[in-house]
Amino acid sequence: MSQRLARVVRPLVTLAGLLLLWQAAHWLNGERDYLLPGPLTTAQTAWAKAPLLLDHALITGAEILLGLLLGCLLGVVSALALAQVRTLERWLLPLLVISQAIPVFAIAPLLVLWLGYGLASKVAMATLIIYFPVTAAFLDGLRQTDPLWLDQARVMQARPWRVLLLVRLPAALPALASGLRVATAVAPIGAVVGEWVGASGGLGYLMLHANARMQIDLMFAALFTLALFAVALYWAVDRGLARLLPWVPDSRTRAAPSA
Amino acid sequence: MSQRLARVVRPLVTLAGLLLLWQAAHWLNGERDYLLPGPLTTAQTAWAKAPLLLDHALITGAEILLGLLLGCLLGVVSALALAQVRTLERWLLPLLVISQAIPVFAIAPLLVLWLGYGLASKVAMATLIIYFPVTAAFLDGLRQTDPLWLDQARVMQARPWRVLLLVRLPAALPALASGLRVATAVAPIGAVVGEWVGASGGLGYLMLHANARMQIDLMFAALFTLALFAVALYWAVDRGLARLLPWVPDSRTRAAPSA
Amino acid sequence: KPLTVLLDWFVNPDHGPLVVAQEAGYFAEAGLEVELIAPADPNDPPKLVAAEKAEVAVTYQPQVHMQAAAGLPLVRIATLVATPLNSVVVLDEGPIKTLADLKGRKIGYSVGGFEDALLGTMLASHGVKLDEVELINVNFALSPSIVAGKVDATIGAFRNFELNQMDINGTPGRAFYPEEHGVPAYDELVLVAHRDHLDDPRLPKLVAAIGRATRHMVNHPEESWEMFAQAYPDLNDELNRRAWADTLPRFALRPAALDTTRYETFGAFLKEQGLIDTVPPLDTYARQID
Amino acid sequence: MLDRVPPADPPHPESPGDPATIEVAGLILKAGGAPLSRPLRLSLPVGQWTAVLGPSGVGKSTLLKALAGLGPDGDLTDGRTGGLAGRVAYMAQSDGLLPWLSVADNGALGARLRGQPVDRVRLATLLQAVGLKAQAGLRPDALSGGMRQRAALVRTLMEDRPVVLMDEPFSALDPVTRLDLQDLAARTLAGRTVLMVTHDPMEALRLAHRILILHGRPARLDTPIIPPGVPPRSPTAGDLPARHAALLERLHHLAAEGGR
Amino acid sequence: MLDRVPPADPPHPESPGDPATIEVAGLILKAGGAPLSRPLRLSLPVGQWTAVLGPSGVGKSTLLKALAGLGPDGDLTDGRTGGLAGRVAYMAQSDGLLPWLSVADNGALGARLRGQPVDRVRLATLLQAVGLKAQAGLRPDALSGGMRQRAALVRTLMEDRPVVLMDEPFSALDPVTRLDLQDLAARTLAGRTVLMVTHDPMEALRLAHRILILHGRPARLDTPIIPPGVPPRSPTAGDLPARHAALLERLHHLAAEGGR
Ligand SMILES: Nc1ncnc2c1ncn2[C@@H]1O[C@H](COP(=O)(O)OP(=O)(O)OP(=O)(O)O)[C@@H](O)[C@H]1O
Ligand SMILES: Nc1ncnc2c1ncn2[C@@H]1O[C@H](COP(=O)(O)OP(=O)(O)OP(=O)(O)O)[C@@H](O)[C@H]1O
Ligand SMILES: [Mg+2]
Ligand SMILES: [Mg+2]
């Protein structure tokens, strides 16, 4: 099988496997559509409601991408600041940890009060969820710079910020990439949770509504759309990251000996 | 200030700073207790309801620890399996990504159906949330083993599983530690979300309940308890991890030159 | 094996008869061992009863129709609260004096499934169209959003609860009742059981015990409140006390009794509103078991 | 990094069909996709030391990796002695110590990776011999550069394989230690087939039965130099200084001729 | 890794108060908390090369790090020439190249870290001189061991500092390249104060004005050896071979006496 063909076929096979698994779960649940509709029912619903799903998917997609952008930006900046000013870390890290432990519903009223019911509050929620994995992973990476490199920079009379940008940051990029992967995977749920806070559109909103109206097939159609989006996004980010860090050894791209 | 004294004083100062921030947010919100009760009100409530909070905290604590244990175990095992069998990764990783995008309410009935109302369904939810950061970070680490080490092992006719356990695994421990830190930070919200799945106890249950009944001060007292737990847990795990990996350079423990 | 009753939501005064029947030992006297379980999502209990994971679920009459239309094998067997509790709430001192004033305003709601239908009908009775107001899903922050002035009105607030809450907060609200503005009356809280297990002999006993508890509550409001407050000490506060009193007159005195006309009318209403496609025969989803 | 070309070469003049010779023919070393060398023919007489000299970057390490089975074509065979897989010990140019293992555990790595019992006595003896007895429990980051190299040497000697490939194994050692360890290696590896990359002509002259020079671009092998006598030779005895000078001369000549 | 003891030492016999000498006194090298050496007194005549020889693990690299200001006490001062901070270039024993930068960018690192303009002409000249012109755009992982060392040398020479500390800078090079680069370093660093750790006595004799031997446990410095003539000396000319033999003899003697 040629490389190119494999690249097209593989995701399709994965998809087929996923659908089979789903169908199996459906059977195991006694084909009770109100608990877990089968893939066929869901596909029919998805097809019938495609325009509706697309509309809402666009909203959620925008939230996800904005949240990802903001969360990653904030995460990168925070990690840089925390890494550079050691005292900052001591005071701020607990705050970041706490921020992860706060359930949506507790701050939903506050979020809405401060940011209104528009895109902002959802993006804020997604950002909050995405933020931590990025910050934590990147900060870990920034801490683990090879001491020899730091020593060399010291002897070279390097400016602290330049050491950060030219040595510690690139050295931490593999760790950041790892954080970004996790962030990408949780971004969709971030946006959906944001839509709980109060929304008038989006896949999360659609799911909530469908659930309340017992339109479980529609809910799963929305969920499937979200899952597709999540996987596509993850795949794109994973690919992009691997390409951006050519000097990092990666067992996936390493040529195995043929013999 | 002696090292030991600093160690006691520092968290206290952090706490004080946090409380100040909280009070400031309270003022900024016009002291509207139904949005954000002040720390004082919350403290009074917490004091008055201390036994209640403790009861629920114990339940949630158990869920967090169990979820953390299970999630980390599963994550470590999955990452090892995915790293070892390259094909597995192609098929299973999309599933893991999808699992992260599923909101609780969509699968809550299924979870209850399969696992009942007891601890199991909550721990399952927490596990699901904790699982991914651990797997993703560890897998990233396992992929990035120094090629020289792998080459040496190959020449030594090493058994594949022993290479994994003796070379790739220890080499990936810093990455795993990073994933564990993120997992520790999200574990509390995992348990709280788990309590969404029909609970009769736990801080998440208490918060939801209090929120639904507009006992916002009680909700924030519970939230504060959860936050304390989260920070303590994170601190303990962070400390433990740093101690377990003495060969990893860490800028925090590196002696800075005095001059 | 205990009989599992899934509540619609966390324990609150709306569940009074169930709690009192449990605490006063009426269930036990009827030879029943009853377990009350509270979910976080009101949509789950019916599904779980349909999946035979529990015997009885507390749900809402409008939901019963939608469940039936979605093919869930559920049958309403008793009524707990016999009037609507849902209402449109505005600030008492706010600019909204009649529903007509809502034109062009923001209305917050918490997803329940049929708020738009309810509101559309209520507004229509005052000559306002649904697309002339802005509907915002405020989910977790129904009361805060109106108290903080983020929305001008909310729908989904319970008249026995959120009104008291706002009053205690010092920002009293005013309610417009759906059944007074064009919406057919319905039962807020009902009990459903699985269609295939209606012959379970415990079900009539359960309903009878609930009826006994309701009568006891009406006769002894103070004592029954004490019972509730003792069973759930964390609910022993001003708000729940007032909610208890306000809910008392709304409990169905004959829980088993089925008002077929009410169900048929409401089913037709939901179909007309486009919330369900079909109205199945009534006795497939609502029965009187005695 | 290497390619096999159909064996169109003439039979090797020096060991025609000698079963006691490991022969690899038509090796093309490759780096980053591009060929580094002409097709190489290499004969390693069994039980003897062969030293490889050559300018920096010419492809010596690449050659060693290829023989270790780490090239893009994997395992090499010469059709007579069978594949080299499982018969080779390899010491890379950088030490490759695992930073989380103690010096002793790094030494025992091979056995542990194969799931075999560790020969603790041999390990202790070797550690003692290279002067790392006191450091056996330290992690590599507490070692000096030369100590790390010695630890890597111990790990290689622990492997106990018929063919040993070593890439500049003594380059970070002071002359005294270096002589000691050369002797140790010569003793320990007596009877093995050894291929050693080195930059020190004197070292090559001391230890090797045959000296190969890899040079030029694309790289090719010069006619092998076979010093008289049996290694390890004394660095001061006999005509070694003269041979050293001649070898240096040859290296200079090749560098001047080949250009870098 | 080092400690300063109150300067109770007698004034140094060889350069009494000479302002053209960088002097550090009472240095106690430390490793892992334990002292590695007796209090050391070190004189580096300004503008001259000083070579440090000594057995593996004795503390040579630790000494260099201390002088570079990387010891636990940070910057060193001798009270006369002021602190060394900002006046030192340092080439560590391992190359320390940044894997994400090209060879050229690694060479330009110092200037970029200080936010200064990079002297592109000098960089190109140096890369050409060490034979890495063709590899200027490659990342370090595409280099051979010797090439990496040359890249690190370029980075160090780019620093243009009055004091240069180099830890075995030519250890991974073949003899021909080695001679070339020794000459290059000697030319480029003419007039600088250089301290170079090396394991090659011949290298020390070629390049250094003074040769120090660090030996023993705890380590101490032997009386400096001052070869006649001006470096760089030809390796074959004059009495260098004889001096080489004598120096080797001395190293053997110290090793036998001190024990490891
Ligand atoms: N990815 C790559 N792209 C281009 N050239 C490469 C790549 N990888 C290796 N090379 C080249 O291949 C050669 C590798 O040589 P090798 O490491 O075998 O040298 P060597 O003879 O061992 O040198 P040294 O004595 O310095 O260790 C070098 O010239 C190097 O530049
Ligand atoms: N953390 C530590 N614990 C114990 N000993 C240590 C530690 N770090 C370094 N050492 C010791 O300090 C010495 C370091 O020596 P250094 O690296 O200066 O040696 P060197 O003279 O440069 O040797 P080489 O020629 O091998 O490079 C070694 O003996 C080493 O074992
Ligand atoms: Mg090499
Ligand atoms: Mg050293």
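Predicted model, so just to flag it, every value in this text is computed and none were measured. Each chain gets a letter, A, B and so on, in the order its sequence line appears, and its residues count up from 1.
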| query | Does any N or O in the side chain of D:Gln128 come within less than 3.5 Å of the main-chain N or O of D:Leu123, such that one atom is a donor and the other an acceptor? | reply |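 It does not hold such a pair.
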| When B:Ala158, B:Pro246, B:Pro170 are compared by non-hydrogen pairs under 4.5 Å with chain D, the top option | B:Pro170
| request: Pick whichever of B:Leu165, B:Asp146, B:Val167, B:Leu173 has the most heavy-atom pairs under 4.5 Å with chain D. | output: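 Ranked by contacts with chain D, first place is B:Val167.
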Among side-chain atoms of [X] and [Y], is any donor-acceptor pair under 3.5 angstrom?
X: D:Gln48; Y: D:Thr193; answer: no
X: B:Ser78; Y: B:Tyr131; answer: yes
X: D:Glu203; Y: D:Thr198; answer: yes

| Given D:Glu159 and D:Arg87, is the salt bridge (Lys or Arg N to Asp or Glu O under 4.0 Å) satisfied, shown in steps? | CA-CA 10 Å; D:Glu159 282 299 277; D:Arg87 302 201 292 137; over 6 Å; no
| request: Return the option, out of D:Gly110, D:Ala89, D:Ala92, with the maximum number of heavy-atom pairs under 4.5 Å with chain B. | output: D:Gly110
Between [X] and chain B, with a heavy-atom cut-off of 4.5 Å, which part of the residue counts as in contact: side chain, backbone, both or neither?
X: D:Asp105; result: neither
X: D:Leu97; result: backbone
X: D:Arg112; result: both

